Amino acid sequence: MTIASQTSDLFKPVQLGAIQLQNRIAMAPLTRSRAQAGDVPSELAPEYYAQRAGAGLIIAEATQISPQGKGYAWTPGIYNEAQVAGWKKVTDAVHAKGGHIFLQLWHVGRISHPDLQPGNALPVAPSAVTPQGNAFTETGFKPFVEPRALELSELPGIIEQYKTAAQLAIKAGFDGVEIHGANGYLLDQFLRDKTNRRTDAYGGSIENRARLLLEVVEAVTSVIPSERVGIRLSPISPANDIADSDPKALFSYVVEQLNRFKLVYLHVVEGATGGPRQVEHGFDLQVLRDLFKGFYIANNGYDLPLATKAREGNLADIVAFGRPWIANPDLVERLKHNADLASFNPDTLYGGGAAGYTDYPALNLA
Ligand SMILES: Cc1cc2nc3c(=O)[nH]c(=O)nc-3n(C[C@H](O)[C@H](O)[C@H](O)COP(=O)(O)O)c2cc1C
């Protein structure tokens with residue numbers, strides 16, 4: 001048996017801003033739709049995340065910054081004290097196991113449904129462009145509707161919600177936050193010209209389309225230290241019916257501008273989220289790694305050989321695994337020992353209780 005730790009620094013500690021990670025393997029954010037009433041994290045979430053505390057860094061599931069930011073049934077929030085109390089149990093449980101955990105801050109924009117919105121309102125977006133596909137509501141899948149274009153006067157309020165959510169995340173004991181700029185949600189909808197048809201200061205040129213994301217980053221780093229703030233982007237992913245006519249120019253600009261804020265990491269979904277790493281009209285994402293001054297976290301389709309290669313070639317500072325964490329709570333140990341990985345049950349991914357959540361066993365590798 002090859003012990004991978006002999007040939008790579010994936011399993012060695014590394015300093016990420018203010019915190020020392022046990023290794024260079026992260027848990028990518030994974031929505032599991034098990035929150036309680038009031039969008040408070042599940043009673044089982046402390047156990048679920050503690051089981052996975054062997055990750056160098058856990059990035060907790062996408063968490064809405066406001067009721068309007070919600071787009072799926074049973075996702076947790078971070079905008080009130082009950083949610084802070086629920087999350088505090090999670091961060092305490094992870095810290096007790098020696099792990100570290102960031103929270104992913106989320107506003108879904110148009111990827112929602114009136115059933116999930118306060119007062120059954122229309123979801124909001126940069127422009128009234130209907131996404132293809134279905135929303136996951138408490139009563140099943142329903143086709144997306146045409147969203148309402150946000151008024152210019154509403155944007156400062158949304159920026160303020162990101163700021164408050166970041167403060168509440170720190171209050172809940174998180175080591176930091178990840179701003180969700182990926183996968184076709186609100187900030188990504190503003191970035192891309194397929195979804196942003198605005199004619200004001202937040203639409204048109206690349207500079208204008210990047211404005212909201214950069215203002216959110218500025219607001220969040222004005223209230224918590226930038227060494228506790230990362231961002232996730234998915235520059236060539238079509239997730240949630242998103243596209244741009246020139247992603248290389250767009251994301252090169254965004255990443256150059258991000259350097260002003262000294263964020264601790266840039267987390268890139270390489271390729272189509274959960275799909276091919278190479279996509280049509282894609283570009284070499286190493287351009288972004290080279291431009292960015294902080295840590296680069298790579299994600300999408302990694303396994304042990306690819307992760308080892310990424311470190312040996314210095315293509316990434318940290319590698320995030322998503323799906324493999326679901327059925328392998330001891331993923332780092334399994335990778336270290338080159339052990340077999342369990343596969344997850346797709347029927348228990350979203351919603352429900354302990355089944356398919358906290359009942360995947362760790363291997364006895366001692
Ligand atoms: C069940 C599930 C839930 C996910 N939830 C999120 C999420 O909340 N936030 C996010 O940015 N990405 C989310 N993703 C995408 C993953 O973080 C990751 O980018 C993707 O699974 C590719 O990585 P992998 O090949 O290692 O699984 C989710 C993916 C899956 C399968």
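Quick caveat: nothing in here was measured; it's all calculated off a predicted structure. First listed ligand is number 1; within each ligand, the first listed atom is number 1.
Remark: ligand 1 atoms within the under-4.0 Å shell around heavy atoms of Asn183 are 10 (C), 11 (O), 12 (N). Atoms of ligand 1 lying under 4.0 Å from any heavy atom of Asn300, numbered from 1 in the order shown and given with element: 22 (C), 23 (O), 25 (O). Within ligand 1, the atoms closer than 4.0 Å to a non-hydrogen atom of Ala28 are 17 (O), numbered from 1 in the order shown. Short contacts between ligand 1 and Phe321, defined as distances under 4.0 Å to a heavy atom of the residue, involve ligand atoms 26 (O).
Tyr350 and Phe136 have tilted rings, their planes meeting at an angle from 30° to 60° on a 0 to 90° scale.
Between Ala320 and ligand 1, not a single N/O pair is under 3.5 Å apart. The shortest N or O to N or O distance between Asn299 and ligand 1 is under 3.5 Å.
Closest non-hydrogen pair, Glu207 versus Tyr253, comes out as CG-OH, 3.5 Å. Between Ala165 and Leu105, the shortest heavy-atom distance links the atoms CB-CD2, 4.1 Å.
Nearest protein neighbour of atom 16 (C) of ligand 1, counting heavy atoms only, is Pro29 O, 3.7 Å. Nearest protein neighbour of atom 10 (C) of ligand 1, counting heavy atoms only, is Arg232 NH1, 3.1 Å. At the shortest separation from atom 31 (C) of ligand 1 among protein heavy atoms lies Arg323 CG, 3.5 Å. Protein heavy atom in closest approach to atom 3 (C) of ligand 1: Thr31 N, 3.3 Å. Among all non-hydrogen protein atoms, the one lying nearest atom 26 (O) of ligand 1 is Gly322 N, 2.7 Å. Among all non-hydrogen protein atoms, the one lying nearest atom 15 (C) of ligand 1 is Thr273 CG2, 3.8 Å.
Residue Asp188 is tested with Ile111, Ile242, Asp244, Leu233 for a side chain to side chain contact (heavy atoms under 4.5 Å, CB included); the sole match is Ile242. With His107 as reference, Gln68 is the one residue of Gln68, Gln189, Lys70, Gln161 to meet the side-chain hydrogen bond (donor to acceptor under 3.5 Å, both in side chains) rule.
For the pair Lys336 and Glu333, the salt-bridge criterion is met [side-chain N within less than 4.0 Å of a carboxylate O].
A side-chain donor-acceptor contact under 3.5 Å links Glu61 and Tyr49. Between the side chains of Ser226 and Thr221, not a single donor N or O lies within less than 3.5 Å of an accepting N or O. Checked by atom type, the side-chain pair Gln286/Tyr296 shows no donor-acceptor distance below 3.5 Å. Under the 3.5 Å distance criterion, with hydrogens and angles disregarded, a donor-acceptor pair is assigned to the side chains of Ser112 and Gln117.
Residue contacts with ligand 1 include Gly274, since one of its heavy atoms falls under 4.0 Å from the ligand. Proximity of Tyr350 to ligand 1 is established by a heavy-atom distance of less than 4.0 Å.
Residue contacts with ligand 1 for Leu30 involve both N, CA, C or O and side-chain atoms from C-beta outward (heavy atoms, distance under 4.0 Å). At a heavy-atom distance under 4.0 Å, only side-chain atoms of Gln104, from C-beta outward, approach ligand 1.
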